[in-house]
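A quick write-up on the structure given underneath.
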Amino acid sequence: MTQATAIIVGANSLLSREIAKQLSEQGVELALLAQDPDSLKNFCDSLPNPVHLFPLNISEPSAIISTIESVWQSIGGAHLVLVNTGQNSYNSALPWLPEQDIITVNVQGFAAICNTSFRLFKEQGYGQLAAINSIAGLRGGPSVAYHASKAFASNYLDGLSMHAQRLKLPITITDLQLGLLDKAAMQKSRIWLSPPSEVARQIIKAMKAGKRRVYVTKRWRLVAWLTKLLPEFVYNTRHWRTKAERLAAKAEGKK
Ligand SMILES: NC(=O)c1ccc[n+]([C@@H]2O[C@H](COP(=O)([O-])OP(=O)(O)OC[C@H]3O[C@@H](n4cnc5c(N)ncnc54)[C@H](OP(=O)(O)O)[C@@H]3O)[C@@H](O)[C@H]2O)c1
């Protein structure tokens, strides 16, 4: 392989498309995996370097494993696999089904993707596995399964990194700990929200530097540090209501 190649799993999200665009502009050949590949055709046509599109089904581990294997075969291996799949929802009544969906995608699906990619990198003899994760995994939180799934992802990547070191293989594992991003890219004045283009730029920079774990954007390192530091009785008194719920409570005259 002369040209750098990257597989992006979960390519339809705004952030994935921004990363794909910047990587393509830097000369990387891409394989994009999305639930609805047809919806990405126009986007792919706009990219300056070769792009291959593949369908993605995360719910069944055997399906995701064979998809990654066949993508790998068809593009002749890859330098980078970037995982950007995830589900999140919040319902204070904690119904089971959304929790189950989050666990299926963020835990079972995530592990199947990372395990398969690691095995393929091992056979190839090198590579980088990077995953877009969240600082939500640092502690439990209101989206119970989501927070726990992000802790799982972090721990899973720790294990793979240890495994690579023990095998003395040049396989880099990068845990990209995201804060929040401004998906609409319309709230530029808000200090904590960065537009996807800036988030993508920092993610690519961290991957190129072979970072093991990085906070994106950088300012979220401070929040991560505080989150870990807060004593339980302070952390637990944080208000978990959504903005709409807070406004409704205010209108009703509640605290
Ligand atoms: N948005 C934020 O502010 C934020 C903050 C911190 C961390 N993150 C992390 O960033 C990652 C992506 O989040 P996002 O906000 O960008 O979410 P998103 O826009 O909803 O993207 C999620 C991705 O996962 C894919 N996906 C979800 N369920 C799937 C399934 N059953 N089968 C196949 N693909 C599935 C989606 O594919 P389709 O588009 O094809 O449905 C999409 O590409 C997550 O790991 C999240 O924890 C996001």
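Order of appearance sets the numbers: ligands from 1, and atoms from 1 within every ligand. Bear in mind that the values here come from a model prediction, so they are computed numbers and not experimental data. Each residue takes its place number in the sequence, starting with 1.
- S39 does not count as a contact of ligand 1, since none of its heavy atoms falls under 4.0 Å from the ligand.
- Checking only distances, G86 does come within under 3.5 Å of ligand 1, N or O to N or O.
- Applying the 4.0 Å criterion to heavy atoms of L56 picks out, from ligand 1, the atoms 33 (C), 34 (N).
- In the displayed structure, R139 atom CZ is contacted under 6.0 Å by more than 12 heavy atoms of other residues, nucleotides or ligands.
- Within the 4.0 Å heavy-atom criterion, neither part of I135 lies near ligand 1.
- In this structure, L15 has no heavy atom closer than 4.0 Å to ligand 1.
- Using modelled atom types, one finds a donor on one side chain and an acceptor on the other under 3.5 Å when comparing S39 with N12.
- When only modelled atom types and interatomic distance are considered, Q26 and K208 share a side-chain donor-acceptor pair under 3.5 Å.
- A donor-acceptor contact closer than 3.5 angstrom links the side chains of Q177 and S154.
- Below 3.5 Å of separation, one finds an N or O of K150 facing an N or O of ligand 1.
- For ligand 1, the polar-atom distance check against Q87 finds a nitrogen or oxygen pair separated by under 3.5 Å.
- For the pair D158 and R213, the salt-bridge criterion is met [side-chain N within less than 4.0 Å of a carboxylate O].
- Taking every non-hydrogen atom of G10 and a distance limit under 4.0 Å, the qualifying atoms of ligand 1 come out as 43 (O).
- For the pair N84 and ligand 1, a heavy-atom separation below 4.0 Å is found.
- Using a 4.0 Å cut-off between a side-chain N of Lys or Arg and a carboxylate O of Asp or Glu, E69 and R119 qualify as a salt bridge.
- For Y146, a nitrogen or oxygen atom sits less than 3.5 Å from a nitrogen or oxygen atom of ligand 1, counting backbone and side chain alike.
- The shortest N or O to N or O distance between I132 and ligand 1 is below 3.5 Å.
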Steps toward side-chain contact (heavy atoms from CB on, under 4.5 Å) verdict (F54, S70):
CA-CA 10 Å; F54 301 90; S70 66; 5.8 Å; no
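- Note that OG of S89 and CD1 of I102 are 4.0 Å apart. Values are rounded to the nearest 0.5 Å.
- Close approach to N133 involves these atoms of ligand 1, each under 4.0 Å from a residue heavy atom: 7 (C), 9 (C).
- Within the 4.5 Å cutoff, side-chain heavy atoms of I68 are placed close to those of I113.
- Ligand 1 has no N or O atom lying under 3.5 Å from any N or O atom of D36, backbone or side chain.
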